[in-house]
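Here the structure is a predicted model, which is why all the values come from computation and not from measurement. Counting convention: from 1, in listed order, for ligands and their atoms alike.
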Amino acid sequence: MHKSEPDRILFHTGNKGKFLEASNLMRLKGIKLQLLSDHSPEIQVIEPQLDAFQEVAVSKLKQVVGQLGDGFDADWIMVEDAGLLIDHLDGFPGPYSSYVFSTIGPEGILKLMQGVESREARFMASIALWDGDRVHSFEGKCEGIISPKAVGVRGFGYDPIFIPNGGNGRTFSEMQEDEKSSFSHRANALNIMAETLFLPSI
Ligand code: IMP
């Protein structure tokens, strides 16, 4: 028996790259993801400065659900918070990933990592999902290293400077979207979400 499934999940994000990755992956699983802003452009969310991605995602989700108007009773609502954690920098930029991206950017991270040998890093993603009744959380991560220089043209954010383990030394920006999704933190979290909520239970 299948667990009850919504007709669609509405994703609140201002990041088109994130939305495309998530919606393409979910489509393969038969789950329709749409941008909440296409239906409710007035919804505004303040990103809280918290240490855990999960707390940020849940806080944002609650803000979104609190502003939902009529007509969304049958929909599920999703938000996702992600970031890059670099071991040599004690997990920086972590929860500050968005701020760091818009200030010093990936080039600034490369400067901080100049001459550093141990370049281990990971992307983390936390999804918070509202099913009309309760909040579910799902976490995904992707281990890798910081590239010595920015390489590639695809993707978004820190993709040009992140080399996932198992990707033959290429950055996310050198990969097609479906290949990135075979490694990525976001895809891992979405796969867990789909397996937990939508696969037949026996
Ligand atoms: P947020 O989850 O949108 O707050 O993302 C925080 C920062 O991490 C932003 O600057 C994003 O561009 C970046 N980011 C999130 N996910 C990814 C990814 O999959 N690749 C590269 N950068 C990402």
Taking the side chain as every heavy atom from C-beta outward, state whether V100 and I109 have any pair of such atoms under 4.5 Å apart.
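The answer is yes; the side chains approach within 4.5 Å.
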
task = With the side chain counted from C-beta on, respond yes when L25 and N191 share a heavy-atom pair under 4.5 Å apart, and no when they do not.
result =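 The answer is yes, as the side chains (C-beta and beyond) meet within the 4.5 Å cut-off.
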
Among all protein heavy atoms, pick out the one at the shortest distance from [atom]; state its residue, atom name and that distance to 0.1 Å.
| atom | value |
| --- | --- |
| atom 17 (C) of ligand 1 | F156 CE1, 3.4 Å |
| atom 12 (O) of ligand 1 | G157 CA, 3.4 Å |
| atom 22 (N) of ligand 1 | Y158 N, 3.0 Å |

Under a 4.0 Å heavy-atom limit, does F162 contact ligand 1 with its side chain, its backbone, both, or neither?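 F162 to ligand 1: no contact under 4.0 Å from either part.
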
Atoms in ligand 1 flagged as close to [X], the criterion being non-hydrogen separation under 4.0 Å:
| X | result |
| --- | --- |
| R186 | 15 (C), 16 (N), 17 (C), 18 (C), 19 (O) |
| D81 | 2 (O), 4 (O) |
| K18 | 1 (P), 2 (O), 3 (O) |
| F101 | 10 (O) |
| H185 | 16 (N), 17 (C), 18 (C), 19 (O) |
| K180 | 18 (C), 19 (O), 20 (N) |

- Query: Just checking, is any N or O donor in the side chain of E179 or S181 under 3.5 Å from an acceptor N or O on the other one?
  - Reply: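 Result is no, nothing qualifies.
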
(message) Quick test of your reading of the structure: of G17, A82, G83, whose heavy atom lies closest to atom 6 (C) of ligand 1?
(response)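 Closest candidate by heavy-atom distance is A82.
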
Review point. Hey, looking at atom 20 (N) of ligand 1, which of I161, D159, T171 has the closest heavy atom?
Key: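 Nearest option to atom 20 (N) of ligand 1, by heavy atoms: D159.
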
Roughly how far, to the nearest 0.5 Å, is OH of Y158 from CG of L110?
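Rounded to the nearest 0.5 Å, the CG-OH separation comes out at 11.0 Å.
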
Is the closest basic N to carboxylate O distance between [X] and [Y] below 4.0 Å?
| X | Y | answer |
| --- | --- | --- |
| E117 | R119 | no |
| E174 | R154 | no |
| K32 | D7 | no |
| K60 | D81 | yes |
| R122 | D87 | yes |

Would F123 count as a contact residue for ligand 1, given that I'm defining contact as a non-hydrogen atom of the residue lying under 4.0 Å from a ligand atom?
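F123: in contact with ligand 1 (<4.0 Å).
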
